[in-house]
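Naming: A, B, ... by sequence-line order, numbering from 1 per chain.
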Amino acid sequence: MAETSPGYAPNTIVVCVKWVATHVHIDPLSGVVAERSHDNQFSASDHAAVEVALRTARAWNDAGSPTQVVAVCVGPVDSEDELKVLIADGVDRAIRVEAATHYSATSQPTSRQIASLICAVIGEMTSGGQLLVVCGDVSADRGSGSVPAFIAHEIGCAQALGLVEVHEGDPGVLRAMRRLDGGRREELVIEAPAVISVEGAVAHLRRASLQTTIAARSATVELRNAREIGAAEPAIATSGLGDGMVMHPWRPRTRIVPAPVQPDALGRIVELTGAKSDRVPPRTVTLEPDEAARAILDQLAEWGYEWGQDSPI
Amino acid sequence: MSDFDVIVVGAGPAGSAAALEAARAGMRVCLIERGPFPGAKNMYGGVVYGRILDTLIPNWWEEAPIQRWITRRSTMVLTDSQALTIDFRTESWGKPPYNGATTFRPDFDAWLASNAEEAGATLICSTTVTGLLRDGQRVTGVVTDRPDGELTADVVIACDGVNSFLAKEVGLYPHTDPSNFTLGVKETLALPREVIEERFAVRGDHGLDIEMLGCTGDVPGGGFLYTNAESVSIGLVLSLPQLAKGGIRPEQRLARLKEHPAIAPLIEGGEVTEYSAHVIPEAGYNMMPELISDGFLVAGDAAAMCLAAGIWLEGVNFAIGAGAAAGRTAAGAVVRGDTTADGLAGYRTRLETSFVLADHRKLRDAPHIVMSDLAQQKVPKVICGMAEQVFTVVNPDPKPGMFKILWSELRRNKMGIRDAASHGIRAARTFR
Amino acid sequence: MSATNSSTNGPSDQRSRTSDPAGDMPTSRTVEASGRYAEMSFEARMDTVEFRVHERAHIVVDGRKCVDCSVRGCITACPANLFVPTADGGILFNYEQCFECGTCYMVCNEEGAISWSYPEGGHGVVFHAS
Ligand SMILES: Cc1cc2nc3c(=O)[nH]c(=O)nc-3n(C[C@H](O)[C@H](O)[C@H](O)COP(=O)(O)OP(=O)(O)OC[C@H]3O[C@@H](n4cnc5c(N)ncnc54)[C@H](O)[C@@H]3O)c2cc1C
Ligand code: SF4
Ligand code: SF4
């Protein structure tokens, strides 16, 4: 697309924003999941990603390396109003990808499918300049945060996920801080092309001026159709459920414990808690994934957890 | 030149109707709303009366986000242990053009605003108007809380709801007297569709609307219960000064209503999906501010145009009626090039010839009568007491005569016959 | 711009307090003998409402003025129960879960005790099913 927009810059910063239901109602009795109207937003971390992209673009622009920011959302038409808000905030273009299945409380395309759609959009934009993809790290619906990893994999570039601090450097370069285990931090120098994801607290999204807000109301959100941009159409990932199966809230399995036989109360409690019985020391085994899963289930069964007929294996 | 011909503040029913009519008349209109979407800040009891929409959006019923069409309307008079209900139903309200419908404001207001947008108005959300731009007495625009947030216009229409800070800024509104306001609190209770059909004896997309008197204890007010598609809305309207003095919190009063033997079975098992609250301008015509100033009009709740008088709780239709009139007047004035108070004077005439001010003037005493101690505390007891006596079989004693029953109930509730008569006459005159 | 806070954790410790001068209002109980559901707790009630909390308070209460106030109507009337009396006779106010209704400034009888405004556009209460 960049070649068809003359004057547009070689550098492209793509921000991925996810349209999520922030409040899902789960009926406690039936487990039916329902969304409320007007309840979808971009998450705080996605907003932070937009701000990081805008700041980076400004720094690179100021350094004489023209840069455009493009927001991409695989989401329903409802998201367009909020995409226009991002245009008011300073994003140069906003693209919405229409797919048969969008994120919602009841259907979830997989991260990989979303990533491949976003990569298809990125594909039309690469014009030889630097490419940076910025995502929020975790969305308000507690997604897996794995979309950026899939994007990096598909593009074949570096990734730095879950950043807690980002400083824009020379064109094509960022300095960032990432959390490590044990309260440690790691400073990174990231060179484009790269995919980064940022935490919500990295930056507060600016408040657009009144004039740009008004102007953005008549801006267009570009539309791509999942089928037409050649990426695989996301199918519903129904968490393994087939047709006609009902989703129900997760409840822990019942563990059957034999009645204690000790004559006195204290003895019965000691027996129930297993405090004095011999304890099998933990063991470490190295297995292939499906053997490992089976071993875990066998162990649970041995401990008395009932799987009933709907055993997951 | 001004940035816009007309700026409308607040995308509630009044604001969207104003923006719709002004945009249709060819004006450049900006509709500014502080919520993230129109309706986000708005709650009400739950019934919109659609007749006023006929003129604005033909066949509105085919596209409006309706929960249920009201085909059954009840008025309930309660005491602590009694309830007398007058119940009316008609199938004619269940087909076009319909009468009233339950709908959620976040849905309805967003829909109405989208109509204004389609007509050409520019809708700006998430933007609070914090003040007015003025040139001497003349209003020339608004100040918002966004950076570079000033915007000019030939006419500003304030549809900013019950707190009406803009009308106050222009000096149209005198000091706010809390006794002119009530607090509405409400719970939306989820119930399955079949349960609603069974409990309220309605089918399909038909629904029931119950208004209640005598359910607010020592605080003047009333109650309501409306059916939505898969929930019911139950709430109370409570007069502010007495609520503040009474020592019992609003949700506690609501809990008491929910335990009333006539109400509890209707809502049993309903899970609260949203608790909400909002203030209502209760005093009607007598508290209305001036409506017009140079370059400035006020419409809807901002001008106390809500009709809250006993069995009526209507504000959305009045707001739409007033907003539409304001929008048309503003457009006419801009075209003529005279947007002074004189140039805008047609607004008041428009309202007076329509139901908006005609109904309010006719019912100007109604709020006072309905909120009076007599109507609130004694009448429900007398009415329920009479009903109980009439329907209690006392044989072998002979049935007492009606007059005797009335007399004994009046006496029991310490209500003088003269009081009752004068009150009755006043009410009859008001509601005739 | 602040982080979005969907209907969560206001200061919850103050909410367990249920003022009930009349003494007979239902508070949180277990399921009654009649099998009816108990009234929900006040925190649970407020958790049904979405608040997109802004970092700056839109309502500020000057607790010094409250010391002279005998009526204290705000405590009873605020539907969100945001006014909490303190031991020294003042008022502790939290703005986060406010309906922006206006009740408090209308019932307040001390001039200037409450500075009231709307939150920044896009923030504050968001209704969905009202
Ligand atoms: C408990 C209760 C029950 C009710 N029941 C019914 C009923 O059953 N039927 C009925 O018809 N009516 C009912 N009403 C009345 C009805 O809700 C109102 O009369 C009606 O909403 C008035 O419409 P409006 O457009 O004037 O104001 P509002 O609906 O209050 O709209 C005002 C709008 O302006 C926006 N705004 C305010 N200030 C600013 C600012 N500074 N900058 C930008 N935007 C701003 C607000 O966000 C809001 O969207 C009820 C009211 C209550 C409280
Ligand atoms: S009513 Fe006003 S002065 Fe009195 S306690 Fe409340 S806020 Fe303070
Ligand atoms: S505006 Fe309403 S909800 Fe907010 S503090 Fe005042 S009374 Fe309470």
Side-chain angles (χ1 to χ4, degrees), chain B residues 33-37 39-44 46 104-106 125-128 130 144-146 162-163 165 176-178 181 183-188 228 231 233 238 240-241 243-253 255-256 258-259 264 268-279, chain C residues 1 4 7 18-27 32 34-40 42 44-50 52 58 71-81 97-109 116-130:
Chain B
E33 167 60 44
R34 67 189 186 90
F37 54 86
K41 301 287 179 186
N42 303 343
M43 73 73 89
Y44 77 142
F104 293 138
R105 292 291 297 280
C125 292
S126 298
T127 307
T128 304
T130 51
T144 68
D145 64 351
R146 283 193 179 272
V162 59
N163 287 304
F165 293 121
T176 37
D177 175 0
F181 295 89
L183 171 67
V185 286
K186 153 173 154 177
E187 286 176 7
T188 308
N228 306 309
S231 62
S233 302
L238 301 160
L240 286 188
L243 168 67
K245 271 190 225 115
I248 301 176
R249 297 190 31 78
E251 79 280 357
Q252 296 173 324
R253 293 188 186 269
R256 186 179 271 181
K258 287 169 70 183
E259 296 207 326
E268 188 163 282
E271 192 202 343
V272 181
T273 54
E274 193 161 87
Y275 170 57
S276 52
H278 204 280
V279 166
Chain C
M1 188 66 211
T4 304
S7 67
T18 322
S19 61
D20 186 4
D24 57 354
M25 297 305 295
T27 53
E32 287 177 11
S34 69
R36 257 193 273 129
Y37 293 89
E39 270 308 303
M40 71 204 307
F42 202 82
R45 167 183 299 281
M46 294 308 290
D47 279 352
T48 64
V49 193
E50 184 188 355
R52 300 187 185 172
H58 60 286
V71 184
R72 315 210 132 208
C74 58
I75 300 172
T76 310
C78 168
N81 202 4
Q97 295 189 308
C98 166
F99 288 119
E100 300 150 35
C101 66
T103 299
C104 52
Y105 81 79
M106 291 196 213
V107 301
C108 176
N109 62 328
W116 204 98
S117 66
Y118 290 125
E120 180 172 282
H123 292 88
V125 68
V126 176
F127 292 126
H128 295 275
S130 295

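Neither the backbone nor the side chain of Asn228(B) comes within contact range of chain C; no heavy atoms are under 4.5 Å apart. When heavy atoms are compared at a cutoff of 4.5 Å, Glu187(B) approaches chain C solely by way of its side chain, counted from C-beta outward. Of the atoms belonging to Lys186(B), it is side-chain heavy atoms, and not backbone ones, that fall under 4.5 Å from chain C. The part of Val185(B) that comes within reach of chain C is its side chain, from C-beta onward, which places non-hydrogen atoms under 4.5 angstrom from that chain. Contact annotation for Ser276(B): both backbone and side-chain heavy atoms come within less than 4.5 Å of a heavy atom of chain C.
Aromatic ring orientation, Tyr275(B) versus Phe42(C): perpendicular (interplanar angle above 60°, classes split at 30° and 60°).
For the 3.5 Å distance criterion, the side chains of Glu274(B) and Ser130(C) qualify, holding a donor opposite an acceptor.
Between Thr127(B) and Asp145(B), the closest side-chain pair of non-hydrogen atoms falls below 4.5 Å.
Top candidate by heavy-atom pairs under 4.5 Å with chain B, chosen from Ala77(C), Gly124(C), Pro119(C), Cys74(C), is Ala77(C). Chain C forms the most heavy-atom pairs under 4.5 Å with one residue out of Asn163(B), Val272(B), Asp177(B), Thr188(B), and that residue is Asn163(B).
Residues satisfying the ring-ring contact (aromatic ring centres under 6.0 Å, His included) criterion with Tyr118(C), sequence neighbours excluded, are Phe165(B), Trp116(C). Applying the ring-ring contact (aromatic ring centres under 6.0 Å, His included) rule to Phe181(B) yields no partners; only residues at least two apart in sequence or on another chain are considered.
Salt-bridge check for Glu251(B) with Arg45(C): failed, with every basic side-chain N at 4.0 Å or more from each acidic carboxylate O.
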